[in-house]
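Read through the structure below, which is laid out as structure tokens, and then see the notes.
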Amino acid sequence: MTGNLQLSYLDQHFADFILRIDPHPCEELWLAAALVSNATGRGHICLDLTALRGDEFTLQHTLGHQARIPDSPRWLKALEPCGTVGRPGDYAPLVLDGNGRLYLHRCWDYERQAADGILLRSSVRTVDDEPLSAALERYFPSTEGEPDHQREAARLALTRGFTVVSGGPGTGKSATVARILALIVELARDPPRIVLATPTGKAAMRLRRSIIQAAERQPVLDGLRQTLPAEVTTIHRLLGVKPGTASCRYNRKNRLTCDVLVVDEASMVDLPLMARLLEALPDSARVILLGDSDQLASVEAGAVLADICAGPAAPSAGGPDRPAMVQLTRSYRFGRDSGIGNLSRLVNAGDGEAALDLLACGRYGDVSWRPLPAGRAFAGAFMERVKDGYGAYSRAATPAAALDELDRFRVLTPHRKGAWGAENLNLLCKDALGLHGRDDRLGSLLTPVMVTGNNYELGLFNGDTGVLMDDPASGSLAAWFDDPDTGLRRLSPLRLPSHESAFALTVHKSQGSEFDRVLLILPERVSEVLSRELLYTALTRARSHVEIWGTEEVFRCTVERRTARSSGLRERLWGKRPSC
């Protein structure tokens with residue numbers, strides 16, 4: 001809690017409402033209700049009253065007024081007689097657990113649902129050892145030297161009901177899960193019903209391609225393609241989420257038909273969505289989560305993957321009644337001599353000085369640093385860099401070539417608004433490439449667009465990226481998207497769902513994507529959104545080169561700041577209160 005925290009009007013109105021309906025209203029209750037509303041809006045699942053120690057903050061509607069947080073023993077005691085504050089299991093607007101964590105009731109219920117769904121499936125599955133060992137040897141041949149964590153992931157996924165395979169880019173998560181699925185199919189008595197799901201349409205397309213490519217590269221997986229489902233779906237589509245509501249077609253009373261569920265990019269899945277997904281699954285369904293626990297947490301509330309991976313620190317861990325976890329540590333993309341790999345590791349370790357030294361040493365050809373140009377000089381320097389980065393894209397003669405070149409280079413930024421935000425950077429990119437002047441209703445020629453909502457009728461989902469380009473057949477402007485079946489898909493720009501320009505993306509929007517080269521623009525000043533998780537996510541979007549523009553102070557502060565989201569999920573799963 002910082003001194004410049006401002007409560008929104010929603011926070012204040014919620015606190016006013018709680019005070020009106022409580023039989024024993026008090027100032028401590030108003031403050032608790034306002035702060036838990038505010039915390040939930042910032043991605044936390046709960047408000048840890050024991051972690052707040054006399055901080056001051058400014059009320060948004062009372063200029064200059066300071067409110068001081070009471071010490072936790074007095075605060076907890078003041079909340080005891082309040083009728084709107086219940087204990088776990090009570091039906092009350094607010095829930096206070098035995099560890100001083102205060103929840104909105106719906107958040108407490110989502111956390112309970114998610115924990116119950118994970119622990120329910122964490123039991124050991126009976127598998128004949130001899131056939132399993134023989135199959136593992138064929139799919140993961142024994143080698144001397146380092147332990148084979150991919151093989152361990154497969155063994156756990158076959159013998160446990162809930163498994164997490166975590167690792168950075170290039171650690172072989174997709175190849176591993178392809179072989180896991182082949183093992184499950186081979187050892188099953190009846191053909192299993194397999195479902196592949198991701199948080200976004202873009203991630204769904206990448207997962208399907210990755211698994212198909214893995215099957216094509218490895219002769220042992222020859223029969224896998226025929227056993228996979230016809231498509232990879234988004235979680236929202238799988239559940240049948242009803243637009244504008246929290247209800248789903250599939251739920252605890254109407255379960256999905258599924259024996260094995262694989263969820264990729266699990267770090268992007270928020271707590272409410274994970275809770276609803278687990279409740280809609282049959283109790284017997286096997287769950288395999290793939291993701292990178294060091295990446296940014298979901299945009300919405302919670303940090304589910306990080307909480308699950310907060311158990312015993314080991315490459316593979318998890319007791320017989322706890323989630324099984326494997327951390328893939330060997331990167332096949334970023335070796336020991338990779339600047340991106342080494343810089344990412346220093347960022348994860350929180351060592352800002354060493355990270356800056358690495359950028360300055362000039363030893364690595366795949367990372368570079370440029371001091372952020374000041375004032376008006378920024379626009380000119382940025383536009384020159386954009387002309388070079390998007391040069392091949394701007395000369396693309398066909399939609400297929402444009403979409404291919406779009407994956408070669410991308411601009412990333414932590415912010416959406418401001419001089420260094422995505423909105424302004426997109427305008428500068430258009431200026432640099434001379435793409436203004438087309439019909440505003442349709443957009444400008446050669447503008448990349450990212451879909452920001454789900455449209456099931458059109459089959460376009462949040463994160464799908466296309467390009468606006470003239471149709472060679474008709475000469476009219478069209479929106480073009482990659483299609484895993486047909487290769488290319490044409491759509492009238494007038495039919496596009498909500499979307500935005502995608503020359504420059506926020507780091508959050510870039511999750512689930514990869515580009516050959518990345519230009520990361522850090523802001524001039526430190527802001528609340530900056531963290532080592534954000535920086536790590538941006539760095540690892542690049543396959544071959546990342547260039548960072550910023551100030552040393554902002555870079556150093558970004559590396560030193562961690563994203564910490566208050567939650568009781570890790571304690572529910574691991575039976576201990578986290579030290580952080």
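Residue indices begin at 1 and follow the sequence shown. Every value quoted in this text rests on a predicted model; they were computed, and no experiment measured them.
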Report yes or no: do [X] and [Y] form a side-chain donor-acceptor pair below 3.5 Å?
| X | Y | answer |
| --- | --- | --- |
| Asn426 | Ser501 | no |
| Thr506 | His415 | no |
| Tyr103 | Asp109 | no |
| Trp549 | Glu547 | yes |
| Gln511 | Glu265 | no |
| Thr452 | Ser498 | yes |
| Ser298 | Asp270 | no |
| Asp307 | Ser567 | yes |
| Glu571 | Asn99 | yes |

Using a 4.5 Å cut-off on heavy atoms from C-beta on, say whether the side chain of [Y] contacts that of [X].
| X | Y | result |
| --- | --- | --- |
| Val507 | Leu296 | yes |
| Leu460 | Leu491 | yes |
| Trp108 | Cys46 | no |
| His236 | Leu273 | yes |
| Val36 | Leu104 | yes |
| Trp75 | Leu31 | yes |
| Val263 | Val269 | yes |
| Leu238 | Leu261 | yes |

Nearest 0.5 Å, what's the [atom1]-[atom2] distance between [X] and [Y]?
| X | Y | atom1 | atom2 | answer |
| --- | --- | --- | --- | --- |
| Asn348 | Gln295 | CG | CD | 10.0 Å |
| Arg276 | Leu281 | CZ | CG | 13.5 Å |
| Met274 | Leu569 | CE | CG | 9.5 Å |
| Leu535 | Leu539 | CG | CG | 4.5 Å |
| Asp482 | Asp407 | CG | CG | 7.5 Å |
| Thr537 | Asp294 | OG1 | CG | 8.5 Å |

Whether [Y] and [X] form a salt bridge (side-chain N of Lys/Arg under 4.0 Å from carboxylate O of Asp/Glu) is what I want to check.
| X | Y | answer |
| --- | --- | --- |
| Arg106 | Glu111 | no |
| Lys77 | Glu28 | no |
| Arg87 | Asp97 | no |
| Arg20 | Asp16 | no |
| Arg562 | Glu533 | yes |
| Lys417 | Glu423 | yes |

Could you tell me whether the side chain of [X] and the main chain of [Y] form a donor-acceptor pair under 3.5 Å?
| X | Y | answer |
| --- | --- | --- |
| Ser344 | Ile340 | yes |
| Lys173 | Asp264 | no |
| Arg206 | Gly512 | yes |
| Arg121 | Leu278 | yes |
| Asn254 | Arg249 | yes |
| Arg322 | Leu573 | yes |
| Asp48 | Ser566 | no |
| Arg541 | Phe515 | no |
| Thr40 | Ile45 | no |
| Gln12 | Leu7 | yes |

Residues, nucleotides or ligands: over 12 heavy atoms within 6.0 Å of Arg525 CZ: no
Heavy atoms of other groups near Glu553 CD, more than 12 under 6.0 Å: no
Taking all non-hydrogen atoms of both residues, which atom of [X] and which atom of [Y] are closest, and how far apart?
| X | Y | value |
| --- | --- | --- |
| Glu552 | Trp369 | N-CZ2, 3.9 Å |
| Pro169 | Tyr536 | CD-OH, 3.9 Å |
| Pro323 | Trp574 | O-CH2, 3.7 Å |
| Leu76 | Leu96 | CD2-CD2, 3.9 Å |
| His24 | Pro81 | CD2-O, 2.9 Å |
| Met268 | Thr200 | CE-CG2, 3.7 Å |

Parallel, tilted or perpendicular: ring planes of Phe17 versus Phe14, cut at 30 and 60 degrees: tilted
Leu290 and its side-chain contact (heavy atoms from CB on, under 4.5 Å) partner, picked from Val262, Val164, Thr163: Val262
side-chain contact (heavy atoms from CB on, under 4.5 Å) evaluation trace for Phe162 with Ile308: CA-CA 11 Å; Phe162 193 99; Ile308 297 173; 4.2 Å; yes
Candidate pair Trp420 and Leu522, rule side-chain contact (heavy atoms from CB on, under 4.5 Å), full reasoning: CA-CA 7 Å; Trp420 302 277; Leu522 295 177; over 6 Å; no
side-chain contact (heavy atoms from CB on, under 4.5 Å) between Arg101 and Leu49, worked out: CA-CA 6 Å; Arg101 286 184 290 249; Leu49 300 181; over 6 Å; no
Candidate pair Thr558 and Arg532, rule side-chain contact (heavy atoms from CB on, under 4.5 Å), full reasoning: CA-CA 6 Å; Thr558 300; Arg532 72 180 64 163; 5.9 Å; no
